[in-house]
Undergrad: 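Structure provided below as structure tokens; questions to follow.
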Protein chains: 6
Amino acid sequence: MPSLPHALVADVVSRALAEDAPWGDLTCAALVPPSATATAGLVAREAGTFAGGAAVAAAFRLTDAAITVDLLVAEGEAFDAGAALARVTGPAAGVLQAERIALNFAQRLSGIATATAAYVAAVEGTGARITDTRKTTPGLRALERHAVRCGGGHNHRFSLSDAVMVKDNHLAVLLAAGGDLTEALRSVRDRVPHTTSIEVEVDRLDQLEPVLAAGVDVVMLDNFTTDELREGVAQIAQRAVVEASGGITLATVRAIAETGVDVISVGALTHSVRSLDLGLDIDVTP
Amino acid sequence: MPSLPHALVADVVSRALAEDAPWGDLTCAALVPPSATATAGLVAREAGTFAGGAAVAAAFRLTDAAITVDLLVAEGEAFDAGAALARVTGPAAGVLQAERIALNFAQRLSGIATATAAYVAAVEGTGARITDTRKTTPGLRALERHAVRCGGGHNHRFSLSDAVMVKDNHLAVLLAAGGDLTEALRSVRDRVPHTTSIEVEVDRLDQLEPVLAAGVDVVMLDNFTTDELREGVAQIAQRAVVEASGGITLATVRAIAETGVDVISVGALTHSVRSLDLGLDIDVTP
Amino acid sequence: MPSLPHALVADVVSRALAEDAPWGDLTCAALVPPSATATAGLVAREAGTFAGGAAVAAAFRLTDAAITVDLLVAEGEAFDAGAALARVTGPAAGVLQAERIALNFAQRLSGIATATAAYVAAVEGTGARITDTRKTTPGLRALERHAVRCGGGHNHRFSLSDAVMVKDNHLAVLLAAGGDLTEALRSVRDRVPHTTSIEVEVDRLDQLEPVLAAGVDVVMLDNFTTDELREGVAQIAQRAVVEASGGITLATVRAIAETGVDVISVGALTHSVRSLDLGLDIDVTP
Amino acid sequence: MPSLPHALVADVVSRALAEDAPWGDLTCAALVPPSATATAGLVAREAGTFAGGAAVAAAFRLTDAAITVDLLVAEGEAFDAGAALARVTGPAAGVLQAERIALNFAQRLSGIATATAAYVAAVEGTGARITDTRKTTPGLRALERHAVRCGGGHNHRFSLSDAVMVKDNHLAVLLAAGGDLTEALRSVRDRVPHTTSIEVEVDRLDQLEPVLAAGVDVVMLDNFTTDELREGVAQIAQRAVVEASGGITLATVRAIAETGVDVISVGALTHSVRSLDLGLDIDVTP
Amino acid sequence: MPSLPHALVADVVSRALAEDAPWGDLTCAALVPPSATATAGLVAREAGTFAGGAAVAAAFRLTDAAITVDLLVAEGEAFDAGAALARVTGPAAGVLQAERIALNFAQRLSGIATATAAYVAAVEGTGARITDTRKTTPGLRALERHAVRCGGGHNHRFSLSDAVMVKDNHLAVLLAAGGDLTEALRSVRDRVPHTTSIEVEVDRLDQLEPVLAAGVDVVMLDNFTTDELREGVAQIAQRAVVEASGGITLATVRAIAETGVDVISVGALTHSVRSLDLGLDIDVTP
Amino acid sequence: MPSLPHALVADVVSRALAEDAPWGDLTCAALVPPSATATAGLVAREAGTFAGGAAVAAAFRLTDAAITVDLLVAEGEAFDAGAALARVTGPAAGVLQAERIALNFAQRLSGIATATAAYVAAVEGTGARITDTRKTTPGLRALERHAVRCGGGHNHRFSLSDAVMVKDNHLAVLLAAGGDLTEALRSVRDRVPHTTSIEVEVDRLDQLEPVLAAGVDVVMLDNFTTDELREGVAQIAQRAVVEASGGITLATVRAIAETGVDVISVGALTHSVRSLDLGLDIDVTP
């Protein structure tokens, strides 16, 4: 499982901590003696797939470097309700102060991993991969993509800067300019790095041939029915990777995967996340 | 409707844009002539309550200052499916590049506003206010709280730094240290600013009297049944603001409001957001 | 004594160090051999109350992590002239480079703590608390408020974002708009978090009743004579916390406290600070 | 009068605004209608010398770009009590929100300019220049040095990076290492940029000759009596610029200047600032 | 010619300006009257290809927004010695202060564009593209890659995050781990986004078949002779894009291109830049 | 050899790492097992003078704190081709990920040190010092100046903020304003810190006397022939430090030094750097 750059995690978690306690924790300052210590368990209140351990550890350790965090499950590991996911030990004030931020990260990221795992399980055996989209939470893209990988999913391009994706609106530009589609797509290849792949979104089957003629790497069939997808897969015939997209749900994903598409991208993995129910059980020693 | 500090919006949106196009938009650079212009409509694919106009405007204008954005509905305004929410005009490359980020903000924030509005409608007439919690998305708290206000909800404390909230784990510290609860809570009042209100979380009715004896401002009744809530409200008898919390859903919120509590805090408003279905329809002029 | 978030201290001290040595210390680079070590004592040249230990330690340690700093007096502890406040040991170049910044923090913060302690001593036994205001040094508010607490004072609200304070100019808006004062203040309560307290500044006694009728939490009596303050306290009669403000000095604060007010806010604690006379005595070993 | 880099002013003021209203102004949001406008006058409650106009303008304009600020006195201009210093016009909420930060800058910086002007007046005709030191407020050095210039004073070196200043502790290193002072100072000249001047602090007259023999640019006579200063000036005999330093006050500065020294550095100009009494008178139009 | 994100340019140029004038320009402050204006011409002292216009404009305008900059040649346009490249008009102090930074950017980036253009011209008609590498100046990669495009070159992958490039050291890991090379490379495809292309560096011809068997997108032939390159091209036979790399100079690039490789990557384009000789001729009006 | 502030090095290197791997290293993540470790040697492929050890260490350690870096040659030390410069040990993925950035710093900085050493050797025995200019790479000035010192060179002023340098364009302002040159330069002395030295650029010998009459510290003779330089040195006759500048190369520097000038500033040291050929030889243990 590829690990996240720790500087990136530290930066995101530091911002979250500063947002949640810009000038300290009034409650702990007024109530918790500096000498009090605590041990806490990050516990699953429901079953799921874990993601976010690095953020959990950072939340506690950036609050107080004297806190130690032992992660008890690996990134991407499935767990049952009641499972202990991490153990946290150290000054009580720091543990209590960081609790909510640690949970906010762990619940959201494990929620994404768990949802992804459900999609991945649904398409098992079909050979289709489940990917995220750019519909991620602003500021959390790297973490959320990591969570998708934890759930057994794959990532799509990270950003506008690392792959070409020609969508309907871009095609509209081409057509409005009176250009020839195939020629235009070939000229894209001439202008981008030789390491950059080119994906084109297609809304109708009759758009396929001019796109394929340009030698693109991936074709996205957007909002196709399963019949249309099947027809598209046949027509493309290995000339490009085939991606299905558009309003796909857990209920429909298996049927889509069985059409033979290579990739199914699911915006809901990150744009409509249900936080997983995790909690922190704390024992305090005065 | 209180407006968000524009520097804060600009900062959050700038980060999102940099995350999505760290070194530019390969597709637009390769395909869209600099002279092409576009007009685009932000359109509702489903009904809801609007929030996020400032972020939408910032996403386009920080990408290209030559783009103009006219917001057609106000923050907090309800709209029907098909409604035009904003009109965007300017260089096509910039409009296409900023599209996804503008949508990511608008869909998430309008999703929160819409969900909040549903909760607010459900308790109409009871006098209870619906509030958010600290279970917000890391880095987006100010924007998400704004979206809750757009939906007719209220905000809870922003952070650990602006109000005291004594939770079960804090009480555990006090008890472990052998202190007297009432006395301990009084000493909190002595130590925090006179403008800081003190809220205490209570898990059982028998904890109420020692808490109220300390003169706290708000009592949170955590995970109480409606019967227990009703009993709690009666026992508190206006001596403190009463907040209900814990696993409250749209299905249960009316019954809880009818117990007479003053405040109902709902973590799901922000921790489990469904993005509202909004889209950008683009007309390009070469 | 609530401790400051260490990330906040590190950020402020890092900026100060970069400001004072943007590209290194020319003198030490040219004169001090890397192998030279030093022990230094932070010494009081006059009596006072200590604040700023965390900033002192950060100044040395962020300059060279090989320096160790032992704080010999606690935050908020009183000391006599000649007292040793801290001991610093490590590479001489780093100790000499960080000296001025460490002193700048310690002298200013201990100056604030010492001044605060004088005000607090002056009102001893009256039950009035001494607080700071928002008249702090730009960029140093959290540190200066901490210093006020070290001197035995209390903090007022931190910022415009954590409590409502309706001042004369806000009231002017209300009146200009033709609104009813009591009604307007009640509507504020309806719009802010239930954890937010509301303070109103009053310039004349006849403004009291409409303000109190709205159920505000704190009334600030601005620039009142002691007779007027006494009358105000009587009239308010525990219906709100009473704060006195406006040009209060060490000479007048006792008389004001004896009027029975609860809170006395003193802008001079932070807007007109005399740095305490502290020095660093250094022994160098070549 | 050299103007401050505007990016530097904008950075410092932005931090101050964010510190004072991290997530907006609760009071204005709840009370001030967005349509209300205000005109405000920055008014002197006492006489002084003005500094900080750029920060005042930035405070208002960074809060709301729709606010206009007209500065009515120039940087460094003297004014009487009652004088109008600036006029501010725009949306009332923004004017009220920025008021305190604008005042915090203007009062502190004008306080420094006014104090400096008093020292400068005290030495008039002697040819001595008054300078600041590195005892500035962390984070505000550039602004405070500008204020010193506004008061007719001069600046000392900005930082450890732009001039060599050999102090007693550095000399202690040299002596501990058994080096020859003159030789050591000459070797400094060999190692620093040819544009870097070298100043050496001297505590006793008998240290002068070995220092002068090295060809240093400036000699600082630290904590000398006026008799010793006179003797030092005579002995140095134009071989170096002569600076007096150490506990100099407005009461003693004239006598020191009359000893013939070239430069008098005064830490109190910035380490113990009394904010000048300025206020903002606001007229609001609903 | 793809334009650079303006926020990225502004960020890099702002840092450069702050580095060059951390607290203002002493010379202009002391010598140039604020009322003086200047017109300046950016002039070529030698022929070349232009790049860096956006940075030039930003350098002046971020120093003083009152300065206007007219670019007289387009990015990527060739010019002769003596050509006027840009015209700058505005307050003299700002023009003089920004001059060096504007030149530093323009000279370096035009130097890169000019060198690239020479390589591109050398391979004209062969079909080979010239690309940069990751041997760019720390902090300037996006600008330097833009300059390469201005010279008619192409970009390689931007970073470690946007394409897979398996080098000799990575292969060593695989072999040390006892893995099968073809299988290992196939497993990479399974783990990275479907939009990510995979390039493998090959040091000897006998490594080609196992690499090609894995279906990689690009093969880099590292430090091959032209004979070996020709043999490699024949053997690869369109199964992958062929890149030549390793110590290629202007003297050798044509022969390499004529071997039939698709891509020639040249580290020297950015790691050993000769700044182009440009100057700023200034006319000042007092 | 003065060491660089470590916070400055960490900041520059962190940016470079983030630029090179914004969201991780795809190749290592897909290929290198987390348990694999590596030892690597930084090796010289050609002879030179070393600079950049701190940046090399930071590149590896900021990527993974578990990596240890032993520097085998000191900053400023000469080495032969084949020499081992540093040894790096730790997790293989981190070593491979940081390799390019470590090399980018070491090659550029050692390239500058090596070039500087050649100039310094060329003038040996003449007494002239070789200095850099402000023609440094944007963002890397402190590191590049350090490299110049490593090569035995000296630094010129760091920035516009730490010394006065009156160039032809500034003189043009003075003359356009009708001022007297000598008088104008004297007034500069009156306005800048007493620690600030004043350098004036002179294009013709007849400009010398009015400049020297003002008592400036340094005179720069710009683009003078060696005969003119000799004449200028004679005429200045120790009244100021003499700097030669303008298009000086390794071929011409000796002759210039022999004219008796004190300082020779060479823009090419930093504006046209050839990276030194260094490599990283890696042994991986699975």
Side-chain angles (χ1 to χ4, degrees), chain E residues 12-13 15-16 19-33 36 92 96-97 99-101 104-105 107-108 111 134-141 159-166 169-170 172-174 176-178 184 187-188 191-192 196 271-275 282 284-286, chain F residues 12-13 15-16 19-33 36 92 96-97 99-101 104-105 107-108 111 134-141 159-166 169-170 172-174 176-178 184 187-188 191-192 196 271-275 282 284-286:
Chain E
V12 171
V13 174
R15 291 179 190 283
E19 183 183 57
D20 192 47
W23 48 90
D25 178 347
L26 282 175
T27 311
C28 284
L31 263 183
V32 181
L96 290 167
Q97 180 173 338
E99 171 184 2
R100 182 74 262 144
I101 297 308
N104 282 356
F105 279 104
Q107 291 184 258
R108 167 177 300 266
R134 282 169 50 240
K135 297 176 183 176
T136 54
T137 307
L140 301 184
R141 186 171 289 177
S159 75
L160 297 173
S161 299
D162 59 296
V164 168
M165 181 119 170
V166 182
N169 286 319
H170 298 99
V173 179
L174 285 185
S187 87
V188 171
R191 303 174 75 169
V192 298
T196 300
H271 78 50
S272 293
V273 179
R274 190 178 69 77
S275 282
I282 302 188
V284 179
T285 310
Chain F
V12 172
V13 174
R15 290 179 190 284
E19 183 183 57
D20 192 47
W23 48 90
D25 178 346
L26 282 175
T27 311
C28 283
L31 263 184
V32 181
L96 289 167
Q97 181 174 337
E99 172 185 2
R100 182 73 261 143
I101 296 308
N104 281 354
F105 279 104
Q107 292 184 257
R108 167 177 300 266
R134 284 168 50 239
K135 298 176 182 176
T136 54
T137 308
L140 300 184
R141 186 170 289 176
S159 74
L160 297 173
S161 298
D162 59 296
V164 167
M165 182 118 169
V166 182
N169 286 318
H170 299 99
V173 179
L174 284 185
S187 87
V188 171
R191 302 175 76 170
V192 298
T196 300
H271 77 50
S272 294
V273 180
R274 190 178 70 77
S275 282
I282 302 188
V284 178
T285 311

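Chain identifiers are assigned alphabetically (A, B, ...) following the order of the sequence lines, protein sequences preceding nucleic acid strands; residue numbering begins at 1 within each chain.
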Undergrad: Between the side chain of E:N104 and the main-chain N/O of F:R134, is any donor-acceptor distance below 3.5 Å?
TA: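 Yes: the side chain of E:N104 pairs with the backbone of F:R134.
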Undergrad: Could you look at F:Q97 and say if it's the side chain, the backbone, both or neither that has a heavy atom under 4.5 Å from chain E?
TA: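 Its backbone and side chain both get close to chain E.
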Undergrad: CG/E:L96 to NE2/F:H170 distance, rounded to the nearest 0.5 angstrom?
TA: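 Spacing of CG (E:L96) from NE2 (F:H170) equals 4.5 Å.
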Undergrad: For F:R141, check salt bridge (Lys or Arg N to Asp or Glu O under 4.0 Å) against everything at least two apart and list the hits.
TA: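 Partners of F:R141 under the salt bridge (Lys or Arg N to Asp or Glu O under 4.0 Å) test: E:D20.
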Undergrad: If you take all heavy atoms of E:S159 and F:E19, which pair is closest and at what distance?
TA: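 Smallest heavy-atom distance, with atoms named: CB-O, 3.8 Å.
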Undergrad: Tell me, please, which residues at least two apart from E:H271 pass side-chain contact (heavy atoms from CB on, under 4.5 Å).
TA: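 side-chain contact (heavy atoms from CB on, under 4.5 Å) list for E:H271, sorted by chain: E:K135, E:A268, F:S275.
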Undergrad: Does F:L160 reach the side chain of E:T27, with side-chain heavy atoms less than 4.5 Å apart?
TA: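 Not in contact.
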Undergrad: With rounding to the nearest 0.5 angstrom, report the OG1 to CZ distance, E:T137 to F:F105.
TA: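 Spacing of OG1 (E:T137) from CZ (F:F105) equals 9.5 Å.
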Undergrad: Among the options E:A16, E:S161, E:C28, pick out the one with the most heavy-atom pairs lying under 4.5 Å from chain F.
TA: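 Among E:A16, E:S161, E:C28, the one with the most close pairs to chain F is E:S161.
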Undergrad: Tell me, side chain or backbone of F:R274 under 4.5 Å from chain E's heavy atoms, or both, or neither?
TA: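 Its backbone and side chain both get close to chain E.
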Undergrad: What distance do E:L31 atom CG and F:S187 atom OG have between them, rounded to the nearest 0.5 Å?
TA: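 Spacing of CG (E:L31) from OG (F:S187) equals 6.5 Å.
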Undergrad: By a 4.5 Å heavy-atom criterion (distance strictly below it), what part of F:V192 contacts chain E: side chain, backbone, both, or neither?
TA: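 Answer is side chain: those atoms of F:V192 sit under 4.5 Å from chain E.
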Undergrad: So which of E:R108, E:M165, E:R100, E:R15 has the biggest tally of heavy-atom pairs under 4.5 Å with chain F?
TA: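 Most heavy-atom pairs under 4.5 Å with chain F: E:R100.
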